[in-house]
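Working notes, beginning with the structure itself.
For the single chain, residues carry numbers from 1 onward in sequence order. Start at 1 and go down the list; that is how both ligands and their atoms are numbered.
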Amino acid sequence: MLELKQLYDSVVEGDAQTSRALTAQALAEGVDPLKLVNEYLVPAMDDVGQRFQCNEYFVPELLISARAMKASLELIRPLLAARGDKPLACVAIGTVKGDLHDIGKNLVASLLEGGGFEVIDLGVNVTPEKFIASIKEKNGTIVAMSALLTTTMPAMKTTIEALKQAGVRERVKVLIGGAPITQKYAEEIGADGYSENAVGAVALAKKAVTS
Ligand code: B12
């Protein structure tokens with residue numbers, strides 16, 4: 001029987017080959033894919049974030065850990081997507097204009113997908129026009145924006161204004177997040193929700209589609 005703590009360790013250590021192999025083995029043994037995400041992969045990335053905060057880890061370690069998590073998620077994602085019948089809603093997610101940080105955004109996108117949402121990942125440096133085009137094209141009901149720079153936070157407000165101008169603000173919920181974002185800022189710019197982490201983002205999105 002597989003010792004799943006090793007999966008956690010492999011992400012913290014940034015060993016993508018091992019995390020992928022352990023994930024494959026766990027899935028073959030019938031472990032619930034969501035359990036792998038919630039109990040091992042996400043806590044491992046939280047651990048990495050904390051190590052980063054204490055200057056034990058630096059950017060390269062962060063990137064290789066994110067790569068290890070991604071290697072596992074590549075195997076898990078299709079299984080999670082396959083088990084929900086109808087997606088709860090379609091989410092257009094992206095990192096706002098001027099901002100290239102995508103580790104947190106990718107984590108949020110993966111967990112939303114795992115949580116039963118159809119996710120249109122628009123990538124980084126996403127203009128308001130691109131968010132609007134996606135919402136219109138896919139009939140999306142949630143816009144999820146990520147920003148990691150204080151200088152790109154205002155792009156969230158600009159995007160909300162643009163959604164209003166385009167006449168689609170009323171039919172979408174806007175969720176925001178990223179290290180410099182706060183609940184207060186979300187309220188200031190008229191966003192519908194803020195969460196400080198990816199697990200909270202899924203809870204927010206679920207609340208948004210039921211309220
Ligand atoms: C990794 C990193 C980079 C990498 C990015 C690689 C990548 N592919 O993303 C690289 C090296 C490229 C980079 C570049 C830069 N960076 Co940088 N970077 C970081 C670093 C170290 C970690 C960010 C990260 O990935 N954290 C881990 C993830 C998991 O956390 P997260 O993004 O916060 O996401 C979580 C939550 O916020 C939330 N969340 C995120 N998005 C969303 C969205 C929604 C809807 C919801 C609900 C929740 C949510 O859930 C996530 C998971 O729990 C931070 C430091 C820090 N402490 O944040 C600096 C940091 C953000 N960078 C910074 C800077 C200044 C830069 C540069 C300008 C540096 C330079 N001079 O070139 C450039 C900017 C490039 C650009 N235009 O974007 C500053 C920003 C300062 C500020 N106040 O604005 C920071 C804070 C470092 C510092 N202390 O100075 N960076």
Worksheet item: How far is atom 57 (N) of ligand 1 from its nearest protein heavy atom, and which residue and atom name does that atom have?
Response: F52 CE2, 3.4 Å
Worksheet item: Between R169 and D192, is there a salt bridge with N-O shorter than 4.0 Å?
Response: yes
Fill in: Option passing side chain to side chain contact (heavy atoms under 4.5 Å, CB included) with L4 (candidates Q25, K35, E29)
K35
Worksheet item: Looking only at non-hydrogen atoms, which of T150, I181, T95, V124 approaches atom 84 (O) of ligand 1 most closely?
Response: T150
Item to complete: Using protein heavy atoms only, decide if any is under 4.0 Å from atom 48 (C) of ligand 1.
Response: yes
Discussion item. Quick one, T159 with V174, criterion side-chain contact (heavy atoms from CB on, under 4.5 Å). Give me CA distance, side-chain angles, the key distance, then yes/no.
Written reply: CA-CA 10 Å; T159 305; V174 177; over 6 Å; no
Worksheet item: With only distance considered, is S195 within less than 3.5 Å of ligand 1 through an N or O on each side?
Response: no
Discussion item. Do I64 and E13 have side chains that approach each other closer than 4.5 Å (heavy atoms only, starting at C-beta)?
Written reply: no
List the atom pairs, donor and acceptor, that lie under 3.5 Å between side-chain atoms in residues 141-153 and the rest of the protein, sequence neighbours left out.
{"residue": "T152", "atom": "OG1", "partner": "D99", "partner atom": "OD2", "Å": "2.7"}
{"residue": "T152", "atom": "OG1", "partner": "L149", "partner atom": "O", "Å": "3.1"}

Response to the item:
In terms of its nearest heavy atom to atom 39 (N) of ligand 1, the top option of G178, G104, A179 is G178
Item to complete: Classify the side-chain pair S10/T18 by whether it contains a donor and acceptor separated by less than 3.5 Å.
Response: no
Item to complete: Answer yes when E161 and K164 have at least one side-chain N-carboxylate O distance shorter than 4.0 Å, and no when they do not.
Response: yes
Fill in: Student check: side-chain heavy atoms of T95 and N125 closer than 4.5 Å
no
Item to complete: Closest by any non-hydrogen atom to atom 46 (C) of ligand 1: pick that one out of A205, G177, G200.
Response: G177
Item to complete: Give the residue and atom name of whichever protein heavy atom lies nearest to atom 43 (C) of ligand 1, and the separation in Å to one decimal.
Response: M145 O, 3.5 Å
Worksheet item: So, for atom 41 (N) of ligand 1, does the protein have a heavy atom nearer than 4.0 Å?
Response: yes
Fill in: atom 67 (C) of ligand 1 touched by protein heavy atom at under 4.0 Å
no
Response to the item:
Under 4.0 Å between heavy atoms, the region of E196 that gets near ligand 1 turns out to be backbone
Worksheet item: Under 3.5 Å between some N or O of ligand 1 and some N or O of L100?
Response: yes
Item to complete: Give a yes or no answer on whether the side chain of E61 reaches the backbone of F58 with a donor-acceptor pair at less than 3.5 Å.
Response: yes
Worksheet item: Should the proximity of L62 to ligand 1, defined as any heavy atom under 4.0 Å, be assigned to the side chain, the backbone, both, or neither?
Response: side chain
Practice prompt. May I ask you to check whether K105 has an N/O atom sitting below 3.5 Å from an N/O atom of ligand 1?
Written response: no
Worksheet item: Protein heavy atoms: any of them under 4.0 Å from atom 32 (O) of ligand 1?
Response: yes
Item to complete: Decide whether I93 and I189 are clustered together by the hydrophobic rule: side chain heavy atoms of Ile, Leu, Val, Met, Phe, Trp, Tyr closer than 4.5 Å, transitively.
Response: no
Worksheet item: Below 4.5 Å, heavy atoms only, C-beta onward: do I76 and L36 meet side chain to side chain?
Response: yes
Practice prompt. Check whether any N or O atom of S146, backbone or side chain, sits under 3.5 Å from an N or O atom of ligand 1, and answer yes or no.
Written response: yes
Discussion item. Short of 2.8 Å from atom 17 (Co) of ligand 1, name each protein N/O/S atom, waters not counted.
Written reply: H101 NE2
Worksheet item: Can you find a protein heavy atom closer to atom 12 (C) of ligand 1 than 4.0 Å?
Response: no
Worksheet item: Do L175 and Y194 have side-chain heavy atoms sitting under 4.5 Å apart?
Response: no
Fill in: Numbered atoms of ligand 1 (with element) below 4.0 Å of N197, judged on heavy atoms
38 (C), 50 (O), 53 (O)
Worksheet entry | Subset of ligand 1 atoms that lie under 4.0 Å from at least one heavy atom of V108 | 39 (N), 42 (C), 48 (C), 49 (C), 50 (O)
Practice prompt. Check whether any side-chain heavy atom of R171 lies under 4.5 Å from a side-chain heavy atom of I135, and answer yes or no.
Written response: yes
Worksheet item: Counting only heavy atoms not in Q17, do more than 12 sit closer than 6.0 Å to its CD atom?
Response: no
Worksheet, complete the sentence: closest protein heavy atom to atom 53 (O) of ligand 1 is A198 N, 3.2 Å
Worksheet item: Nearest protein heavy atom to atom 77 (N) of ligand 1, by residue and atom, and its distance?
Response: G98 O, 3.1 Å
Practice prompt. From atom 6 (C) of ligand 1, work out which of I142, V42, V143, L63 has a heavy atom at the shortest distance.
Written response: L63
Worksheet item: Considering distance alone, does some N or O of A201 sit under 3.5 Å from an N or O of ligand 1?
Response: no
Worksheet item: Looking only at protein heavy atoms, which one is nearest to atom 7 (C) of ligand 1, and how far off is it?
Response: D102 OD1, 3.4 Å
Fill in: Side-chain heavy atoms of Y8 within contact of P43, under 4.5 Å
yes
Worksheet item: Which ligand 1 atoms are under 4.0 Å away from a heavy-atom of D99?
Response: 78 (O)
Worksheet item: Checking Y57 side chain against V12 main chain: does a donor-acceptor pair fall under 3.5 Å?
Response: yes
Worksheet item: Quick one: are V108 and V119 in side-chain contact, heavy atoms under 4.5 Å?
Response: no
Practice prompt. Give the atoms of ligand 1, by number and element, whose distance to some non-hydrogen atom of L175 is under 4.0 Å.
Written response: 45 (C)
Discussion item. Does the protein come close to atom 88 (C) of ligand 1 - that is, does one of its heavy atoms sit below 4.0 Å from that atom?
Written reply: no
Item to complete: Can you confirm whether something in the protein, heavy atoms only, sits under 4.0 Å from atom 82 (C) of ligand 1?
Response: yes
Item to complete: Using the side-chain contact (heavy atoms from CB on, under 4.5 Å) rule, take K173 and K207 through it: C-alpha gap first, then chi angles, then the decisive distance, then the call.
Response: CA-CA 10 Å; K173 298 280 185 191; K207 197 169 148 223; over 6 Å; no
Worksheet item: For ligand 1, which part of I103 has a heavy atom less than 4.0 Å away: the side chain, the backbone, both, or neither?
Response: both
Discussion item. With a 4.5 Å cut-off on side-chain heavy atoms, are F117 and K206 touching?
Written reply: yes
Worksheet item: Say you draw a straight line from CD of Q165 to OG1 of T158; how long is it, rounded to the nearest 0.5 Å?
Response: 11.5 Å
